[in-house]
Amino acid sequence: MKLQLKVPDMTCGGCVSTITKAIKTVDANASIQGDLKNKIVLVETEFPEVAIKNAITAAGYQVN
């Protein structure tokens with residue numbers, strides 16, 4: 001499943017790294033790309049969207 005998640009408070013490469021690590025705790029095989037310009041995280045995963053959103057939220061970021 002491909003997800004496109006808006007993360008408005010993602011501002012730098014460190015944010016992308018933190019979000020990537022958080023998602024990898026749920027799905028170690030996930031493919032993740034951060035788009036800082038548009039504040040979007042693209043995730044290819046087999047896990048439910050809610051699990052990925054919860055991981056990002058637990059890392060301290062808002063997901064729209």
Side-chain angles (χ1 to χ4, degrees):
M1 164 182 0
K2 292 184 180 181
L3 305 174
Q4 181 173 314
L5 305 171
K6 183 82 169 170
V7 184
D9 47 351
M10 182 175 68
T11 58
C12 66
C15 296
V16 174
S17 178
T18 300
I19 290 167
T20 297
K21 288 177 187 173
I23 294 169
K24 292 283 190 178
T25 63
V26 174
D27 180 0
N29 297 317
S31 172
I32 305 154
Q33 291 181 319
D35 177 351
L36 288 172
K37 181 181 174 190
N38 296 306
K39 300 187 181 289
I40 291 172
V41 177
L42 302 171
V43 184
E44 191 165 340
T45 181
E46 306 224 352
F47 282 75
E49 181 174 348
V50 68
I52 301 301
K53 285 183 173 181
N54 286 344
I56 295 170
T57 301
Y61 296 89
Q62 179 183 358
V63 182
N64 294 340

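- Looking only at side-chain heavy atoms (C-beta outward), E46 and N29 stay at 4.5 Å or farther from each other.
- Linking ILVMFWY residues whenever their side-chain heavy atoms come closer than 4.5 Å, directly or via other members, places M1 and V7 in the same cluster.
- Rounding to the nearest 0.5 Å gives a distance of 7.0 Å between CG of D9 and OH of Y61.
- Interatomic distance, CG of L5 versus CD of E49, reported as 5.5 Å (0.5 Å rounding).
- To the nearest 0.5 Å, atom CD of residue E44 and atom CD1 of residue I23 are 12.5 Å apart.
- Once rounded to the nearest 0.5 Å, the distance linking CD of Q33 with CD1 of I40 reads 11.5 Å.
- No side-chain heavy atom of I52 sits under 4.5 Å from any side-chain heavy atom of V41.
- Looking at K6, its side chain never comes within 3.5 Å of a backbone N or O of Q62 through a donor-acceptor pair.
- Side chains of L42 and Q4 form a contact here, defined as non-hydrogen atoms less than 4.5 Å apart.
- Counting heavy atoms from C-beta on, the side chains of M10 and V16 come closer than 4.5 Å.
- Atoms CD1 and OG1, on I56 and T18 in that order, are 11.5 Å from each other to the nearest 0.5 Å.
- Residues L36 and V63 are members of one and the same hydrophobic cluster, defined by side-chain heavy-atom contacts under 4.5 angstrom among Ile, Leu, Val, Met, Phe, Trp and Tyr.
- Under the 3.5 Å distance criterion, the side-chain polar atoms of K24 are matched with a main-chain donor or acceptor of A30.
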